[in-house]
Amino acid sequence: MKFRKVSAVVFAATAAFSMAACSGSSSGGTSSGGSDGSSFEFWSFTGIDAKGSAAEYKAKRPDIQIKLTEVGNAQETAQALTTALAGGKVPDLVLIQGDDLPKFVQQPQNFVDLRTMGADKIKGDYLDWVISQPTAKDGSIIGIPTDVGGMAIAYRADLFKEAGLPTDREEVSKLWPTWDAFIETGKKYTAATGKAFVDNAGGSVYSQVVNQGQEKYYDPAGNLVYERSPQVKAAFDLALKAVAAGITAKQSTFTEGWSAGMKKGDFAVIAAPVWMLGSIRDNAPDTKGDWDIATIPGGSGNWGGSFLAIPKGAKNPKAAWDYIAATQSPQGQLDHFAQARSLPATPSVYKDPKLTSAKDEFFSGAPIGKIYTDSLLGLKPFLIGPDSTTIGTEFTNAITNVEQGKGDPATAWDAAVANIKTAIGG
């Protein structure tokens, strides 16, 4: 779902989940921890309104007690789950980000095969390329999709006006049919205002471009190709080009400087996969109505998406499955979109007026339902592998080092590749 930088303190993540398992926050009461069928323990990561989703379910099922623990960011939650699986004390339900999912799919014996709960009857409700991700080689399904990460660009219309640029979202979209045109627009903005155009090159350029191709770090057969992938190299080079153009604010996503810069208008553009909209609202609430949303260069792409899984050994798998079945049905995902702007992974609702007519007043009434579902049309997805997160982090780190003046652009690619090989052992 949401992009987060990897924490350097894995021990802290493990300690956090251990403490939370004993005294974590709850929605609707405290779980008894037994196999009573009326309660379940749910581990989520932060920043995606799991409390809201649990509350929505609780309103319909007041007889169910949900013990919800927000473990940490997505990667910390995945690490905590890995530790829990090794130790044998697992939650009944866990949210896993798409990039972290493959390593768990390789060990399907650690999870309940959801076909035994009814997944085989509902798998057709989801985009084919999404439901294929939690499907293991033996055919077992270890997770159900919660959302997808359609992509767009959020921009400050008021700042564009001051720079003499168009402000209408359709006209703005025409400014950047390609990423090269996006960078050229950035140069015009910076020349006119003396301010940075975009928050950073790693998140708002590299991470978006690399999620638009048909092949990323693995080929369709599961072989590592990051070192020779034209798409990956093109994304990396475009990010360095943005740095060289002097249009970035050098503020890494989700840092304090990034949040402060957003409030002050230190940059006018942010990568806006659908899950980013909530972060913009939360970090810069006083900018309501100043933002709008334009089409991403290239028109389509997907960055993000998560899955709900039930670990083997869960005490209350039936209660956990009932939650999945209710909240992740097409209607459940459509209802959640209305509350939390989490883009459904269920294409049957893509023409529903609740989605197609959805507008967001914080973003100047932008038709977010149409913009984000359109970004998924014609998408040819790539394979996500067990080391995708690590590989992406190293490439982003190399770009950030150059952006911060700590790295040499001439050797950044080779440095990133060397770090990746060290990190993943190949």
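Remember, it's a predicted structure, so these values are computed and weren't measured experimentally.
- Between the side chain of Q231 and the backbone N or O of Y217 there is no donor-acceptor pair closer than 3.5 Å.
- In terms of heavy atoms, G299 sits closest to Q212 at N-NE2, 4.3 Å.
- A side-chain donor-acceptor contact under 3.5 Å links S364 to the backbone of G289.
- Using a 4.0 Å cut-off between charged side-chain N and carboxylate O, K67 and D92 make no salt bridge.
- Atom CG of residue N419 and atom CG of residue N397 lie 8.0 Å apart, to the nearest 0.5 angstrom.
- N283 and S259 make their closest contact through OD1-OG, 2.7 Å (heavy atoms, listed as atom of the first residue, atom of the second, distance).
- Here the shortest heavy-atom pairing between A416 and E394 reads CB-O, 4.0 Å.
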Hey, mind stepping through L376 and L343 against side chain to side chain contact (heavy atoms under 4.5 Å, CB included) and telling me if it holds?
-> CA-CA 11 Å; L376 298 174; L343 191 64; 3.8 Å; yes
Would Q79 and E76 count as a side chain to side chain contact (heavy atoms under 4.5 Å, CB included) if you check the C-alpha gap in whole Å, the side-chain angles of each, and the deciding distance to 0.1 Å?
-> CA-CA 5 Å; Q79 178 59 46; E76 289 167 341; 5.6 Å; no
Begin from the C-alpha positions of K250 and D199 and carry the test salt bridge (charged side-chain N to carboxylate O under 4.0 Å, His left out) through to its verdict.
-> CA-CA 6 Å; K250 306 178 183 179; D199 55 347; over 6 Å; no
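- Between Y226 and F395, the ring planes are perpendicular. Angles over 60° get that label, and only those under 30° would be called parallel.
- Using bins of under 30°, 30° to 60° and over 60° for the plane-to-plane angle, the ring pair W179/F182 lands in the perpendicular bin.
- Considering every non-hydrogen atom in both I153 and P297, the closest pair reads CG1-CD, 4.0 Å.
- We find that K421 and E227 are joined by a salt bridge, their nearest charged nitrogen and carboxylate oxygen being less than 4.0 Å apart.
- The structure places CG of L95 at 10.0 Å from CD of E70, a figure rounded to the nearest 0.5 Å.
- For the pair L277 and Y372, the minimum side-chain heavy-atom distance is below 4.5 Å.
- With hydrogens and angles disregarded, no donor-acceptor distance shorter than 3.5 Å links the side chain of T167 to the backbone of A157.
- Contact check for V198 versus Y189: no side-chain heavy atoms found under the 4.5 Å cut-off.
- Judged purely by atom type and a 3.5 angstrom limit, S388 has no side-chain atom pairing as donor or acceptor with the backbone of I384.
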In sequence, state the C-alpha distance, the side-chain angles, and the governing distance for Q328 and Q333, and then conclude on side-chain hydrogen bond (donor to acceptor under 3.5 Å, both in side chains).
-> CA-CA 5 Å; Q328 306 312 320; Q333 292 203 3; 3.1 Å; yes
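- Put simply, the side chain of N73 does not reach to within 4.5 Å of the side chain of F254, judged on heavy atoms.
- Not one N or O on the side chain of D282 forms a donor-acceptor pair closer than 3.5 Å with the backbone of A284.
- Between F197 and F267, the gap from one ring centroid to the other reaches at least 6.0 Å.
- Using modelled atom types, one finds no donor on one side chain facing an acceptor on the other under 3.5 Å when comparing Q75 with T389.
- When atom types are taken as modelled, the side chain of Y155 and the backbone of R169 share a donor-acceptor pair closer than 3.5 angstrom.
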Worked check of side-chain hydrogen bond (donor to acceptor under 3.5 Å, both in side chains) between E162 and T193 | CA-CA 8 Å; E162 292 176 10; T193 64; over 6 Å; no
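- Heavy atoms of other residues, nucleotides or ligands lying less than 6.0 angstrom from NZ of K103 number more than 12.
- In this structure, the side chain of T178 engages the main chain of A181 through a donor-acceptor pair within 3.5 Å.
- Here the NZ atom belonging to K241 is positioned 10.0 Å from the CD1 atom belonging to I247, to the nearest 0.5 angstrom.
- Residues I368 and V274 form no side-chain contact, since every pair of their non-hydrogen atoms from C-beta on lies 4.5 Å or further apart.
- Aromatic ring orientation, Y206 versus F236: perpendicular (interplanar angle above 60°, classes split at 30° and 60°).
- With contacts defined as side-chain heavy-atom distances shorter than 4.5 Å, the pair I310/W321 qualifies.
- Counting non-hydrogen atoms of other residues, nucleotides and ligands closer than 6.0 Å to CG of D408 gives a total above 12.
- Going from atom CD1 of I66 over to atom CZ of R61 covers 9.5 Å, rounded to the nearest 0.5 Å.
- Looking at every heavy atom in both residues, H336 comes nearest to S53 through CE1-CB, 3.8 Å.
- Smallest separation of non-hydrogen atoms from N200 and Q251: ND2-O, 2.9 Å.
- A donor-acceptor contact shorter than 3.5 Å is absent between the side chain of Q404 and the backbone of T400.
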Under the side-chain hydrogen bond (donor to acceptor under 3.5 Å, both in side chains) criterion, do W258 and E256 qualify, and how do the steps go?
-> CA-CA 5 Å; W258 179 79; E256 291 183 6; over 6 Å; no
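- Using a 4.5 Å cut-off on side-chain heavy atoms (C-beta onward), T356 and Y350 make no contact.
- A distance of 4.0 Å separates CG in D158 from CG in D290, rounded to the nearest 0.5 Å.
- Proximity of F337 to L355: side-chain heavy atoms (C-beta onward) are separated by under 4.5 Å at one or more points.
- The backbone N or O of S252 sits less than 3.5 Å from a side-chain atom of T255, completing a donor-acceptor pair.
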Starting from the C-alpha separation in whole Å, work towards a yes-or-no answer on side chain to side chain contact (heavy atoms under 4.5 Å, CB included) for D237 and K233.
-> CA-CA 6 Å; D237 289 346; K233 187 62 165 62; 3.0 Å; yes
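- Once rounded to the nearest 0.5 Å, the distance linking CG of D360 with CZ of R341 reads 5.5 Å.
- Look at K354 and D352 and you find no salt bridge, because none of the NZ, NE, NH1 or NH2 atoms lies under 4.0 Å from a carboxylate O.
- Between the Q133 side chain and the W129 main chain, a donor and an acceptor come within less than 3.5 Å of each other.
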With side chain to side chain contact (heavy atoms under 4.5 Å, CB included) as the test, would you mind laying out the steps for F363 and I280 before giving the verdict?
-> CA-CA 10 Å; F363 295 93; I280 296 173; 4.0 Å; yes
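- By the 4.5 Å heavy-atom criterion applied to side chains, I144 and F307 are not counted as neighbours.
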